[in-house]
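Chain identifiers are assigned alphabetically (A, B, ...) following the order of the sequence lines, protein sequences preceding nucleic acid strands; residue numbering begins at 1 within each chain.
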Number of protein chains: 2
Amino acid sequence: MVEHLKQRFRERGYRLTRQREAIIEVLAGTGEHLTAEEVHQRVQSICPELNLATVYRNLNLLAEQKIIGKVDFGDGPARFEARSEHHHHLYCLRCGRVVDLLHCPVHLDEKISETYRFRVTGHQFEAYGYCMGCELLNGKVGKP
Amino acid sequence: MVEHLKQRFRERGYRLTRQREAIIEVLAGTGEHLTAEEVHQRVQSICPELNLATVYRNLNLLAEQKIIGKVDFGDGPARFEARSEHHHHLYCLRCGRVVDLLHCPVHLDEKISETYRFRVTGHQFEAYGYCMGCELLNGKVGKP
DNA sequence: ATCTTAGATGCAAATAACTTGCAACTGAAG
DNA sequence: CTTCAGTTGCAAGTTATTTGCATCTAAGAT
């Protein structure tokens, strides 16, 4: 997995630096959806002195190359994940947990192009609500 | 329309100030999806000296009260619109034009809650691509 | 193994888009 | 026309991210 990602990166003519390896390893080693800040923290152990600006530069580069995925839930910072194929998420409004959806629930019928005179090339969809743990807490502690 | 929005605002116990009237008038008077900055500019004519911070405060307040709508396409600033019911958009990647969708193309089946152990309370969906004008320009001028 | 250099990094400063603290102001209930 | 909680203007602060630039380094050429 890690080697595969590094490979795809090199194929595109980019240098495989210590910093880049570290970032790829951190992301590929978790199923979580991490912010740039979180990636920066976790990377410290294998590559201290890796600058936050470099983390941003590389996460964005990897996302542009579609080697990793990037999601933005509108509130806080953007999040990055190793999975790069088209997919969507459930986002817990209480704890921030992110769950990957297995199937895309969006069905744009083919008439949309003529109805709206618009060619759709992509879409984003994110659902929000409460994961079970938080659902139970709701109504018990604060935040109604 | 304008009066209706003002009414809904007053009903909730908020004061109807000159600034708020101006903001509501600008938004209700257009079908466009405006940024706070744009609202601020257009409001100058009917209410100069209206501060940008006040525009932000009121647009957010109106959106929280679901009197207006707020969309965020992830790139630039958030946009506000007079329509407040649940709906979605097509967003042109070239010119930034926003088209309202008449129907919601998302179908979350009822099993989702048990499948993912998650209670969905809402969702956002935005599709992007190119409006006809820009589609024709693509390939002729810059940006392939 | 060493040279070369375009590409990458670190650091500090800059930016974009808001948000907040606070003193002064003002709708609207009485 | 008084009262005062709700609003506003202004300046400063915050958050998330980007950029300029001098220095450094991966990796192909020698």
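The six-membered or imidazole ring of His123(B) lies near that of His86(B), with a centre-to-centre distance under 6.0 Å. Between Tyr14(A) and Phe9(A), the distance separating the two ring centers is shorter than 6.0 angstrom.
For Arg20(A), taking side-chain heavy atoms from C-beta onward, the closest of the listed nucleotides dT9(C), dT7(D), dT19(D) is dT9(C). The side chain of Tyr56(A) lies closest to dT18(D) when the candidates are dT19(C), dT18(D), dT8(D). Closest contact between the side chain of Asn58(B) and the listed nucleotides dC11(C), dT9(C), dT8(D) involves dT8(D). Considering only the side chain of Ala78(A), dT17(D) comes nearest among dT17(D), dC10(D), dT9(C).
Here dA8(C) presents its C1' atom at 15 Å from CG of Leu59(A), a figure rounded to the nearest Å. The distance between atom CG of Asp75(A) and atom C1' of dA17(C), rounded to the nearest whole Å, is 15 Å. As rounded to whole Å, 14 Å separates atom P of dG6(D) from atom CD of Gln65(B). If you take CD of Gln19(B) and C1' of dC10(D), they are 14 Å apart, rounded to a whole angstrom. Between the CZ atom of Arg79(A) and the C1' atom of dA16(D) there is a distance of 13 Å, given to the nearest Å. Between Glu21(B) atom CD and dT8(D) atom P the separation is 11 Å, expressed in whole Å. Rounded to whole Å, atom C1' of dT7(D) lies 16 Å from atom CD of Glu49(B). Summarising the geometry, the separation between CD on Glu37(A) and P on dT14(D) is reported as 15 Å, rounded to the nearest angstrom.
At the heavy-atom level, Leu52(B) lies nowhere under 4.0 Å from the strands shown.
The phosphate of dT17(D) (OP1 or OP2) has no side-chain N or O of Asn60(A) nearer than 4.0 angstrom. Side-chain N/O atoms of Asn51(B) include one lying less than 4.0 angstrom from OP1 or OP2 on dC10(D).
Arg79(A) places no side-chain N or O within 3.5 Å of a backbone atom of Phe73(A) that could act as its donor or acceptor partner.
No side-chain donor from either of Tyr128(A) and Asp75(A) sits under 3.5 Å from a side-chain acceptor of the other.
Mapping Asp72(B) and Gly13(A) onto DNA chain C by nearest heavy atom places Gly13(A) at the nucleotide closer to the 5' end.
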_Verdict with supporting geometry, Ile112(A) and Phe118(A), side chain to side chain contact (heavy atoms under 4.5 Å, CB included)_ = CA-CA 7 Å; Ile112(A) 198 165; Phe118(A) 197 101; over 6 Å; no
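Tested against Val55(A) for a side chain to side chain contact (heavy atoms under 4.5 Å, CB included), the candidates Val26(A), Val39(A), Thr35(A) yield a single pass: Val39(A).
Residue side chain Arg57(A) reaches the base of dG10(C) through a donor-acceptor N/O pair under 3.5 Å, judged by distance alone.
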Please write out each protein N/O paired with an N/O of nucleotides 26-28 of chain C under 3.5 Å, distance rounded to 0.1 Å.
unit_1	atom_1	unit_2	atom_2	d
dT26(C)	O2	Arg15(B)	NH1	2.8
dG27(C)	N2	Arg15(B)	NH2	3.1
dA28(C)	OP1	Leu16(B)	N	3.3

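Note: His89(A) and His33(A) have perpendicular aromatic rings, judged against thresholds of 30 and 60 degrees for the angle between ring planes.
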